[in-house]
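Here the structure comes first, spelled out in structure tokens, and everything after it is commentary.
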Amino acid sequence: MEQRQTGLHNDDLAARLIDHLQRLNLPPVRLMEVCGTHTMAIARYALRDLMPETITLTSGPGCPVCVTATRDIDTFIAASRIPNAIITTFGDLIRVPGSDSSLQKEIAAGRDVRVVYSPLDALDLARKNPGREVIFLGVGFETTTPTVAAAVLTARREKIENFSIISSHKVMMPALSALLSDPQIRIDGLICPGHVSVVIGADAYAGLVENHRTPCVVTGFEPLDILQGITLLAHQLADRTPKIEIAYQRAVSRHGNAKARAVIDEVFTPASAAWRGIGEIAASGLAVRDAFKHYDAVQRFKIDTPPAREPKGCRCGEVLKGIMPPAACKLFGRGCTPGHPVGPCMVSSEGACAAFFKYDPALNTRTEP
Ligand code: SF4
């Protein structure tokens, strides 16, 4: 098991930021790190342990594999059973359990499921295998969607007919708005995702600040970036001045990447989407536009999946809403480990359960069964 880092690359500056946070003397506050990459970095550098007692860091819904609903996983599994299909996907999805199977089990049963690093790799497979149907499983937020849209546009331009996708893409803002509107969930500030914000721009959070009076700071992924983001949030809370700030100016602007958003808009249209454990959220997903329906595998192969059965005892929904720490799940480290995951939060390299298991020395002493 990997242990946590002991150094923060600039210990003196980190110590000063932490000391500064202590001196602000805030009342108890809960800050949500939206992005799974933040969750991993926070666990890896033990930043939770360095916080003043009054600051609680809680994980959010920003791990794309984790929020993919069981029904979507079942759809991916059904796609793998289409005769002559090659399924292409990012690696983490393979081990996520569906209602009765997983892509890993389907590989063992002889289905052709391959890990790729980009949808353009999947497109290349389609070029090289004209007699096969190559289906790419599209999972992710605004960060990855532009490359999937670009693959579809390229397929149409080059008349590659044996390529299609299943769009389980999601957009972040409706989900954050739903969480902030839920009276059972208390979030005092958002550590906003750096990667997604490169595309959507920091101004996209204006509605959250305006409607929910929630401080938002777009933050990078180095430990000092995260400490800086937390410090800015703490100041906003102390001064009662919620606003949007960018603590990741080397990558994120106010307006984001308009070209990337235009590519997404050309291929996809907003649609309702199911988020694991959170439920159906209007306009939080992306459906393939009718103009590109040839590239929509669900329509083209008429994939229909029955209602899903959720993994028994898994509390990923509460973890993803930030209302339960992973170790409070009875299965954590017992029935559910990275080697034998029950829910996706233990599978994904950005999952909160996986992060706690990997880096928390008090928890990862539990052994794999
Ligand atoms: Fe689900 Fe496993 Fe996390 Fe429990 S520990 S919430 S079963 S992924």
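By convention here, the first residue in the shown sequence is residue 1. One-based numbering, in listed order, for ligands and for the atoms of each. Computed from a predicted structure; not experimentally measured.
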#### Entry: Check ion pair R300-E161 (N to O, under 4.0 angstrom)
no
### Query
Could D188 and R186 be called an ion pair, given the rule that one side-chain N must be under 4.0 Å from one carboxylate O?
yes
### Common cluster, V116/I77, ILVMFWY with side-chain heavy-atom separation under 4.5 Å
no
### Query
For I191, which of I230, L232, V34 qualifies under side-chain contact (heavy atoms from CB on, under 4.5 Å)?
I230
### Task
Could you name all protein N, O or S atoms found under 2.8 Å from atom 3 (Fe) of ligand 1?
C353 SG
### Query
For the residue pair H195 and F141, is the inter-centroid distance of their aromatic rings smaller than 6.0 Å?
no
#### Entry: For S59 against A352, the heavy-atom pair lying closest together
OG-CB, 3.7 Å
